[in-house]
Amino acid sequence: MNNTFAWLMCFLKNEDVDVERPLSEWFRLIALSRQLGLLGLLANRIEGLNISPSLLKRINTHLISAKLQVENQQKSVNWHIEKLVANNPDGIQFLVLKGAAYLFAQKSIATGRTMSDVDILVTRSSLDNAEFWLFLNGYASIKNDEYDDYYYRQWMHELPPFMHTTGGLTLDLHHNLLPMTSKRFIDPHLLFAEAREAKPNFFIPSDADLIIHSAVHLLQDSVFNRTLRDLTDLYHLINALTQHQHSAAALFARAKTLRLEKDVAKVFSLLHSVFKRELLPNETDFVKQCLGRSLFWPVEKRCYITMLQQPLLSEWTAKHHLSSWVLFVKSHLIKMPLTLLIKHSYVKTIKNIKSSWEQHETQK
């Protein structure tokens, strides 16, 4: 584990931090936090610390910029969701996920958290009407490629991304947490059944479902520069839930109902290894029950720890590239059968070669 990462972890866990560090180390901390999508959170944690004015002057531009970015993102998300709620003639019920859900649920982890897009979920039967509803509210599909459009609609758990034509917000319209090609495809009505209706037709997931979806997203994502941010979310969400309910038993029961218990068990295992969170006896039993016989989990876990504790990109070694590749392949294998993955990879490879060749020809 590198020193910059260890120092960052103190901020992420709200522990006492050593601020008497040279300027070069502060710049490394800022660079790593930006790489991992944690600069806004770091800026929030630094606020109020007893840092020398001369040092603060040198780093404050980065921190203020990050805080303004988060503030503007959250204002934008609030405005766009309010418009969707107000202009919903068919009364389509929708549920917010991930960062937007933390924001509207007023979770402490929303403070300083950046969002690259907004995820909402509707039932599959509402999908066609929901797409028209987004067009009505000024959104347009980003994907213009016929194959990519077919890929999303035929196999995935969401439609191609939408972008607001004036506000610029990117929105992902989900109809499930997992692709239809996945063996763990679930019934989205189960999520609505436990959700809270914050405004007419606008739902916020239960605390348990917030945790479960965040775990699923972390483990099926194929990009690893936001993995530590997602695990930090889970660290605080799980701690808040267990302090309130005095146990994770209800969370485990819910995960089993959704057939996603292995994802939750993996997160508890990673929290123990990376955040040094002590597992209670029932949590240890749950992890062993779900993962004890898994032959691949020790390898997968080692890869995740490597990527969670990654240094600056310029300092990556072979183990970071290898771990990233292993997890990338794994993330696609849990989304679709191997035969479909081979077919999809072949089509994308041919398309990329053709696109590169066409670009090369136009530059002559």
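We number each residue from 1, following the sequence as shown. Values reported hereafter were calculated over all heavy atoms of this structure, with side chains retained and with hydrogens, waters and symmetry mates removed.
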Between Arg277 and Glu283, does any side-chain N to carboxylate O distance fall below 4.0 Å? yes
Electrostatic pair Arg113:Asp230 at N-O distance under 4.0 angstrom: yes
Around Trp325, counting heavy atoms of other residues, nucleotides and ligands shown, do more than 12 lie under 6.0 Å from its CH2? no
With a 4.5 Å heavy-atom cut-off, do Leu251 and Ile212 have their side chains touching? yes
Look only at the side chain of Asn72 and the backbone of Leu68, and say whether a donor-acceptor pair between them is shorter than 3.5 Å. yes
Please say whether more than 12 non-hydrogen atoms of neighbouring residues, nucleotides or ligands are located less than 6.0 Å from CD in Gln106. no
Can you tell me if NE2 on His244 sees more than 12 non-hydrogen neighbours from other groups inside 6.0 Å? no
So, are Lys98 and Asp117 salt-bridged, with charged N and O less than 4.0 Å apart? no
Which residue in the set Leu32, Ile59, Thr4 passes side chain to side chain contact (heavy atoms under 4.5 Å, CB included) when paired with Phe27? Ile59
Minimum heavy-atom distance Arg254-Ala208, with the two atoms named: CG-CB, 4.1 Å
Assert yes or no for the condition that the ring centre distance of His332 to Phe328 is strictly below 6.0 Å. yes
Which heavy atom in Ala140 sits nearest to a heavy atom in Phe135, and how many Å separate them? CA-CE2, 4.2 Å
Hydrogens and angles aside, do Ser65 and His62 bring a side-chain donor and acceptor to less than 3.5 Å of each other? no
Check whether NZ of the Lys or CZ of the Arg Arg58 lies under 6.0 Å from the centre of the six-membered ring of Trp26 and within 45 degrees of that ring's axis. no
Going by atom types only, do Gln289 and Glu261 share a side-chain donor-acceptor pair under 3.5 Å? no
Verify the neighbour count for atom CG of Asp18: are there more than 12 heavy atoms of other residues, nucleotides or ligands below 6.0 Å? yes
Can you name the one residue among Phe203, Phe192, Trp133 that meets ring pair (Phe, Tyr, Trp, His ring centres under 6.0 Å) with Phe94? Trp133
ILVMFWY network linking Val223 to Leu36, side-chain heavy atoms under 4.5 angstrom: no
Linking I/L/V/M/F/W/Y whenever any side-chain heavy atoms sit under 4.5 Å apart, do Leu173 and Phe132 land together? no
Can you measure from CD (Glu20) to CG (Asn50) and round to the nearest 0.5 angstrom? 7.5 Å
Any chance you could lay out the side chain to side chain contact (heavy atoms under 4.5 Å, CB included) test for Lys199 and Glu82, step after step, and finish with the verdict? CA-CA 9 Å; Lys199 295 179 182 181; Glu82 290 286 351; 2.2 Å; yes
Taken to the nearest 0.5 Å, the spacing of Leu291 CG from Lys262 NZ works out to 7.5 Å
